[in-house]
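Not measured: the values here are computed from a predicted model. Convention: sequence-line order gives letters A, B, ...; per-chain numbering from 1.
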Amino acid sequence: MDSDVLIGLEVHVQITSLKTKLFCRCSCSYRENPPNTNVCPICLGLPGSLPVLNKRAIEKAVAVALALNSSISDKLLFVRKHYFYPDLPKNYQISQYDRYGLTPIATGGSVAIDVDGLNRVVRIRRINIEEDAGRIAYPEKSILGSRYALVDYNRAGIALLEIVTEPDLRTPREARVFLEKLGSILEHLEVADTSLEGAMRADANISVAGRPRVEIKNIGSPKDLEKALNYEVARQLNIVKSGGVIERETRHWIKERGITVASRVKELEGEYRYFPDPDLPPVPIGRELIEAIARSLPELPDQRARRIAKEYGVGDYMASVLVLHKKLCDHFENSSKVCGNPRLISSILINEFLRWVDEAGIDISSGIARLSTDRLCKLVQYFESGLISIKLLKEYVRIAVLEDINPEELRSKGLTTLGEESELERLVDEVLRENPKAVADSIRDPKAVNFLVGQVMKKTRGRADPKLVNEIIKRRLSEYGSK
Amino acid sequence: MLPPQCTQFSSISIKTLRERVREDSDFLFKYVEEVYRAIERYEQRLRAYITLRPISEVIDDIENLVKHGKLGPLGGALVAVKDNISTKGIRTTCGSKMLENYVPPYDATAVSRIKNSGGVVIGKTNMDEFAMGSTTENSAFYPTLNPWDYGRVPGGSSGGSAVAVAACEATVSLGSDTGGSIRLPAAYTGIVGLKPTYGLVSRYGLVAYGSSLDQIGPMGRCVEDVAIVLNVISGHDPRDSTSLRVNVENFEKYVVDYPLKRYRVVVLEEMVSEGIDEKVMKIFNSTLDVLAKRDVTVEFRKMPLLHYSLPTYYIIAMAEASSNLARFDGLRYGTRSEAEGKLWVDAYRKTRMTGFGEEVKRRILLGTYVLSEGLYEGYYLKAAKVRRLLHQEFTKLFREYDAALSPTSPTLPPRLGEAIVDPIKLYSLDINTVPINLAGLPAISVPGGFAEGLPVGIQIFGPPLSEGFLLNIAKLIESGRSG
Amino acid sequence: MWLSRVDWEKIIKHLSILALVEADTARIESLARDLEKIVEMFNKIVELNIPEIVEPLYTTFFGEINLEEDVEWESMGIRELDPTGERLEDGYVKSPKTL
Ligand SMILES: [Zn+2]
């Protein structure tokens, strides 16, 4: 079935590292501001206003093109893409185009991904620079049932990169990993903080079993991308199975309900009437500029994965997963430096941490705040000194991420105490008191001690480290013996 | 020669105004009163203005200028501004119902330069809706009449700016010229109008019609006034990406009554052949005689490509217009229809149906047509290629000649209602002016004489940034003409 | 590219959808006549032969384009555009329904 799925992505990424919008100098920090406060005649599209290009946006776009091995155009050409929508102040978007002798800033390139140990190369078709639209809200909190909409133009005009892939992705999981990898590249380049709400959005084109392709719009994160595509594959396979016809159409991902729905306005689609924006003459992109940016490119995920695998001995696969999230990888390296044991840390981060971050529905940064280097090191220290078992270590990670609790505070929850010797000693003493016969047996025959260990483990509901329990019992027995 | 609405006092030039104010500090206030007297008497018939500022406001502004010693190069001149140039706090309608109540929150660069140089905006002038027209009959409010003959049109689209100056209801004015909109009304009302080199005057704040063709330019009763205003409004503006970085010369020094060099000028035969009124030709030929007496060499050349300039111009202008006018949806500013309950496309359609006049709709539809899928290459792209060829021809031509001459219009001012019944006839009025905008060249229209009591304008155009020489040649015609 | 008037009425309907400019039903016939005439004028250049290598000219600005530094300025806020707030609700611009 999977071999019959073809997925291509159109990813929109805000260049969040810019302070100001693409064609005016209004602030980009719309997330913190009241609606329609970061606006001016230009980003509101007032009659007579004109765009002036943000110089740094070119540099950021060139860096991305270099990182994706794309070929960069010798000039920057902008076009107008026309459609009417309330979030689009001019009713055209300043964007780029690849027909009629026009060209986007970059074409070609590729991204290598490692999906559960399987290596794949995803080809990039093109990279556009364009402006973002405003944000639409609804008075009834939902698009359905609202008699009108509300528009905030603070986001209108923010610089976006549109990165389009060839249909090289074969599974929803691959699509997710690709998007995570792309996000990580952009974060390593310090182009975008993709964890910010709305900073990275994707439209997916998906074709199942050779049927016409369906476009799914409005997907806000790698996780949602996987969900939306899983839903769509199942939906389309169902139609195919029941002998139905899949139409070429545009659908919207409704995150809250976990479904895609068909878009209703078909008459306006497709005819965008692109033509070169006469307000923005071509901007030459000099070889010197490209070379200067190439020289100052930071370490990128692939290089970093190779270095990490070697430097920390965590293995290629672990390294490739760590670099999918720059912040996670930074956290890994920081923590490994502070408290050692990189293998344990990578395994905690990849196998436990990521899972609970997902479950908690928080982003990686918030997850890291909850499982800080301090806390992580404490856990590693507990584990290494035998205070806690691997099982309990995992439990601590879960609680730390889901409930934001310091390992030290877990004591009051009746969990941490189990890791501490004094508490275990108390339990051991209890068990020894309750089982005088077994104590006598054990003093004679060291093998019989296992029964006592089992009793202690029972009392702790399996949370204590058996090795540690064994040691404490032996110590106690030798004390008894000497009496 | 001035029309009957003017008095010697009200027709005073900027330079004289400056001199008289130096002798008599009250002179400026007397002048303002004189101008408002003319307005009181004639404006009801002529209808040059859409919005006229009350005399008290204008007096206040002048008092402020006097108090702060900021009379500057304009010396308190009353500047009438075409109603498609944004004025902060003064409504800017573009001659359209769509913007009947639109008050811009910012000044166009040209307007703030006027204000900073001792000019006072007296009002906003009538125009063809969104500058689409050549007679000012396409104003959504009322037509403006020709001060020389109330039965005739003043030309357009800057008809109001031309009449305000011609009838001495202002000192000077700003117009905009996309395909002749300054020069044609200047010719029909017997004043001087200059369309600058593309990029010499900032377009920031000019409500766009054809962005790659539009320029703001000065209109005045004499060449010298035009030069003085050009000094003020020209020069680099960082807010307009198509603004040239040139050190602006003092254009006033070109306004001398002797030739600054041995000029070689050319007449393109296509501009004086078919469809030219004999009476116009007579004046044109007498103008050539005037110049010949000033040692100007006149030669005749052919440029067959000019036969294609009208379709080329209208394809490009309409394509750009259809895009520029997309933003008028009634949401953020301008005429709006009730938001609640309706779908945005229906609300927009209603706003645009009632807000736009017939000619505007016609041009939007045609602009949409030439940009649409499958037709783009045949029309828009082809027109852009013809434009390239035309540009090359002019470049070659002006390697040999300093300037070129033609009648501004092939005819005398049409009677009211005569031209607008047939769109092709209407468009043909621009036959000699549109090639100049296609090539981005500077051009000036200067009165060459009178035929049947109606003014005839002479167009002088030259290579980019040749405004100085054009002003000098215009001055030779101005001082040499008999009538 | 030579079309009958009936075709033109159809084209106008399609263009109206794209441009959201409605043609008055009563006027559609005269509009069709006008558009046909104007497009006939346009067609003059369609017949013109131009060598393939001629590059289109989109602007006559050949100067150095100004670029903006990435430094914030003071934004104006929507209230300056709509002082009475008649188009606003809680600072948002009220818009018709969307899909
Ligand atoms: Zn802005």
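- When the candidates B:Lys361, B:Arg239, B:Met353, B:Arg332 are compared by the number of heavy-atom contacts under 4.5 Å with chain C, B:Arg332 comes out ahead.
- The contact between B:Tyr102 and chain C is made entirely by side chain atoms (from C-beta outward), counting heavy-atom distances below 4.5 Å.
- Chain C forms more heavy-atom pairs under 4.5 Å with one residue of B:Ala347, B:Gly199, B:Ala383, B:Ser241 than with any other, namely B:Ser241.
- Between the side chains of B:Thr92 and B:Ser86, no donor-acceptor pair is found at a separation under 3.5 Å.
- In this structure, a donor-acceptor pair under 3.5 Å is present between the side chains of B:Tyr379 and C:Asn43.
- Using a 4.5 Å cut-off between heavy atoms, C:Val21 touches chain B through backbone and side chain atoms alike.
- With 3.5 Å as the limit, one finds no donor-acceptor pair spanning the side chains of C:Arg87 and B:Tyr333.
- Open room surrounds NZ on B:Lys88; 12 or fewer heavy atoms of other groups in view lie less than 6.0 Å from it.
- The choice from C:Leu67, C:Ile45, C:Ile12, C:Leu31 that makes the most heavy-atom pairs within less than 4.5 Å of chain B is C:Ile45.
- B:Ser96 and B:Glu129 form a side-chain donor-acceptor contact under 3.5 Å, judged by distance and modelled atom types alone.
- Proximity to chain C involves both the backbone and the side chain of B:His307, based on heavy atoms less than 4.5 angstrom apart.
- Contact annotation for B:Gln392: neither backbone nor side-chain heavy atoms come within less than 4.5 Å of a heavy atom of chain C.
- Crowding of B:Lys350 atom NZ: a count of heavy atoms from other residues, nucleotides or ligands under 6.0 Å not exceeding 12.
- For the set B:Ile424, B:Ile364, B:Leu438, the entry with the most heavy-atom pairs within less than 4.5 Å of chain C is B:Ile424.
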- Task: Would you check, one step at a time, whether the test side-chain contact (heavy atoms from CB on, under 4.5 Å) holds for B:Asn437 with B:Lys195?
- Result: CA-CA 9 Å; B:Asn437 300 73; B:Lys195 182 253 151 197; 3.8 Å; yes
- Item | From CA spacing to verdict: ring pair (Phe, Tyr, Trp, His ring centres under 6.0 Å), B:Tyr313, B:Tyr427 | CA-CA 10 Å; B:Tyr313 167 79; B:Tyr427 300 168; 8.8 Å; no
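- Put simply, of B:Thr197, B:Thr312, B:Leu389, the one with the most heavy-atom pairs under 4.5 Å next to chain C is B:Leu389.
- Although no hydrogens or angles enter the test, the distance criterion places no donor-acceptor pair under 3.5 Å between the side chain of B:Ser243 and the main chain of B:Ser202.
- For B:Val370, the part lying under 4.5 angstrom from a heavy atom of chain C is the side chain only.
- In this pair, B:Phe130 and B:Phe356 present their aromatic rings perpendicular. The plane angle is above 60°, beyond the 30 to 60° band.
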- Just do the side-chain contact (heavy atoms from CB on, under 4.5 Å) check on B:Tyr348 and B:Leu331 with the steps written out, would you? CA-CA 8 Å; B:Tyr348 284 14; B:Leu331 204 57; 3.5 Å; yes
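- Options B:Gly440, B:Ser372, B:Ser212 differ in how many heavy-atom pairs under 4.5 Å they form with chain C, and the most are formed by B:Gly440.
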- Query: Checking side-chain contact (heavy atoms from CB on, under 4.5 Å) for the pair C:Lys97/B:Lys342: CA distance, chi angles, key distance, verdict?
  - Reply: CA-CA 6 Å; C:Lys97 281 196 295 184; B:Lys342 258 190 232 140; over 6 Å; no
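- Of the atoms belonging to B:Asp237, not a single heavy atom falls under 4.5 Å from chain C.
- Of the two parts of C:Met76, only the side chain, counted from C-beta on, holds a non-hydrogen atom closer than 4.5 Å to a non-hydrogen atom of chain B.
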Please output the side-chain donor-acceptor pairs of residues 49-66 of chain C that fall under 3.5 Å, not counting sequence neighbours, one pair per line with the distance.
residue, atom, partner, partner atom, Å
C:Thr59, OG1, C:Phe61, N, 3.0
C:Asn66, OD1, B:Arg245, NH2, 3.3
C:Asn66, ND2, B:Pro238, O, 2.8

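- Interface with chain C: from residues 314-325 of chain B, residues B:Tyr314, B:Ile315, B:Met318 qualify, criterion being any non-hydrogen pair under 4.5 Å.
- With a 4.5 Å cut-off on non-hydrogen atoms, C:Glu86 touches chain B through its backbone and its side chain both.
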